[in-house]
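Structure first, commentary second.
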Number of protein chains: 2
Amino acid sequence: MMKKYAEKEGVALNRALLQVQLCYESMGRAERLAADYLLSHTEDILALTITELASLCGTSEATLVRLSRRLGYSGYQELKLALAQDAEHRTVTPNIEDSDSCYAIFEKVCNDAYLSLERTKRMISGEELERAAALLASAGRIVLVGLGSSAAVAEEAANKLLRAGCDAASYSDTHMQTIAVSYLKEGDVAVGVSQSGASKDIVESLKLARSRGASTICITGRERAPITRHSDVTLLTDTEELRHTVLALNSHIARLAVVDALCFRVAYAHEALIMASGVANESSLKTKRVEEEST
Amino acid sequence: MMKKYAEKEGVALNRALLQVQLCYESMGRAERLAADYLLSHTEDILALTITELASLCGTSEATLVRLSRRLGYSGYQELKLALAQDAEHRTVTPNIEDSDSCYAIFEKVCNDAYLSLERTKRMISGEELERAAALLASAGRIVLVGLGSSAAVAEEAANKLLRAGCDAASYSDTHMQTIAVSYLKEGDVAVGVSQSGASKDIVESLKLARSRGASTICITGRERAPITRHSDVTLLTDTEELRHTVLALNSHIARLAVVDALCFRVAYAHEALIMASGVANESSLKTKRVEEEST
DNA sequence: ATAGAATTTTGAAAATTTTTTGCACTTTTT
DNA sequence: AAAAAGTGCAAAAAATTTTCAAAATTCTAT
């Protein structure tokens with residue numbers, strides 16, 4: 001009896017190959033051999049039996065079965081089927097090179113974003129998310145702090161929480177941060193965003209907020225980062241560690257997605273308010289727009 | 001011939017299924033049984049072994065193999081693979097509901113992000129991207145303007161362009177925007193971010209920038225939006241129109257990805273600078289961090 | 001029409017191929 | 001050095017294909 005093949009939900013992108021990339025780190029020597037072959041000869045595999053493939057990539061059948069399992073399929077057959085189903089057989093995320101066209105880079109950035117989101121999907125804890133949402137939904141005042149690109153996340157979050165009916169504000173100036181959090185009190189929430197989880201000012205802000213009786217939430221990419229010690233809730237997102245050096249990019253997107261999810265939840269909790277004011281907000285924003293035909 | 005093969009007058013967008021219909025006339029009783037099943041339960045077959053399918057349509061394995069051959073495949077395996085390849089990739093975007101867990105919402109947000117990115121990938125123009133990158137790479141000063149969540153995109157872009165060695169700054173305050181763009185001159189670039197493409201202040205800023213001789217780039221979700229009339233380059237991203245109303249979310253992510261791609265390109269153009277200063281930036285940022293073990 | 005030969009189609013079971021599992025061995029991690 | 005994880009061989013299981021005799025169909029000659 002063949003088990004049901006993995007259900008594909010959502011998007012048409014090659015789940016299987018994506019999965020290969022995601023799991024690559026946790027593979028051993030032989031499995032990587034196979035994974036490499038998979039990535040570079042995706043098309044060919046459909047025509048190969050497990051035995052043929054095994055000898056082609058210099059490994060054993062057993063390893064291929066195990067690889068298939070690791071990728072989330074019940075066996076080699078199912079993996080093959082999954083590969084066949086993904087119409088586009090493009091390989092995921094080759095590195096960005098300076099000879100790439102802007103569009104090619106864009107495609108790679110997108111792929112990277114997928115990976116980052118998938119990875120975050122795995123590492124983030126459902127319970128922590130829920131707790132964070134609960135705290136935010138019942139919070140009095142919410143102060144969000146972050147620096148650099150984390151400031152952008154904090155800002156975005158504040159923006160959305162505001163729309164969700166919260167009393168939220170973000171600060172990217174360290175002095176303002178200190179001032180803002182020092183006025184927090186019990187029932188309020190401070191949210192610290194820091195990729196490294198070790199930015200002095202952000203850590204200090206949460207510490208201070210906590211000492212005032214406020215609850216604290218951190219969004220970070222490092223599991224046992226200093227910031228977690230001052231946080232009631234830790235939201236762990238994808239790390240950038242091994243990614244393209246100078247322009248740290250995609251974990252940012254993952255963090256935004258986390259923020260989105262939280263804000264949705266909070267918005268639902270405040271549903272009544274949204275209906276009343278949120279929609280009004282939208283229409284009042286419209287008056288800020290120029291007429292289509294003018295100018 | 002009384003037996004008609006297809007009740008679903010629909011289509012055979014599927015090579016294999018088309019073949020089934022073409023061959024139907026020349027089949028015998030048992031094969032037709034199988035063919036009927038194929039046509040009506042196409043999706044299911046992927047999960048079935050030949051034995052299971054045989055018993056499901058009340059025929060023998062041998063018949064199925066013969067059917068496969070008749071359709072032009074080497075055997076049942078190959079038929080299944082062919083069916084998988086042609087299978088329709090239904091892309092379901094489940095709506096977010098207020099009963100969803102936070103994690104479930106997160107998953108949906110991710111799926112939505114994928115869709116948004118894929119859509120953007122299709123609508124954005126490679127040439128425009130390239131031109132935008134060229135303008136930015138050779139720009140003197142770069143001013144980015146946006147409001148609301150578009151401000152976040154502008155900010156993020158400024159952030160990255162800075163790291164890529166550009167003289168870039170973003171403004172989210174409309175007065176500051178006016179001031180900033182009015183000092184631009186030939187060789188400078190103004191970037192306007194506006195989802196609707198119709199925010200008065202943003203449109204005005206680009207218009208002003210242009211009148212000073214600067215080049216203008218817009219990032220927007222509407223093809224013939226007012227803002228495009230004042231832009232030398234238009235970067236079109238996914239629209240939010242038909243998405244979850246109040247919390248506008250994912251086109252934001254698409255725009256960030258576009259920005260990422262641009263910045264990469266610019267960074268490569270400035271490669272020498274990055275090597276010298278960019279990496280130094282990273283290490284100088286590290287001094288802002290707390291020691292791992294402390295506090 | 002109709003018996004019966006010829007042909008085609010069919011399915012049970014055997015043969016084969018492919019996939020999976022069990023287990024001893026090797027490598028890596030702690 | 002012990003524990004854990006990964007690997008490949010070979011046996012077992014499963015799935016597919018082939019074989020072949022029986023059943024159904026078609027054809028032909030009464």
Touch class at under 4.0 angstrom, heavy-atom based, for Ser68(A) against every strand present: nothing
Parallel, tilted or perpendicular: ring planes of Tyr37(B) versus His41(B), cut at 30 and 60 degrees: parallel
Any Thr63(B) side-chain nitrogen or oxygen under 4.0 Å from OP1 or OP2 of dG11(C): yes
Nucleotide dT16(C), atom P - distance to CD of Glu61(B) in whole Å: 17 Å
Parallel, tilted or perpendicular: rings of Phe106(B) and Tyr103(B) (30°, 60°): tilted
Sugar-phosphate, base or nothing in reach of Ala62(A), heavy atoms under 4.0 Å: base
N/O donor-acceptor pair under 3.5 Å between Thr220(A) side chain and Gln195(A) backbone: yes
N/O (side chain, Arg69(B)) to phosphate O (OP1/OP2, dT18(D)) under 4.0 Å: yes
Stepwise side-chain hydrogen bond (donor to acceptor under 3.5 Å, both in side chains) test for Thr228(A) and Ser231(A): CA-CA 5 Å; Thr228(A) 60; Ser231(A) 306; over 6 Å; no
Touch class at under 4.0 angstrom, heavy-atom based, for Thr51(B) against every strand present: base
Sugar-phosphate only, base, or nothing, as touched by Arg70(A) at under 4.0 Å among non-hydrogen atoms: sugar-phosphate
Thr59(A) vs dG8(D): side-chain N/O to OP1/OP2 distance below 4.0 Å: yes
dG11(C) phosphate, OP1 or OP2, under 4.0 Å from Arg29(B) side-chain N/O: yes
Most 5' of Ile50(A) and Gly28(B) on DNA chain C, judged by nearest nucleotide: Gly28(B)
N/O (side chain, Arg66(B)) to phosphate O (OP1/OP2, dT16(D)) under 4.0 Å: no
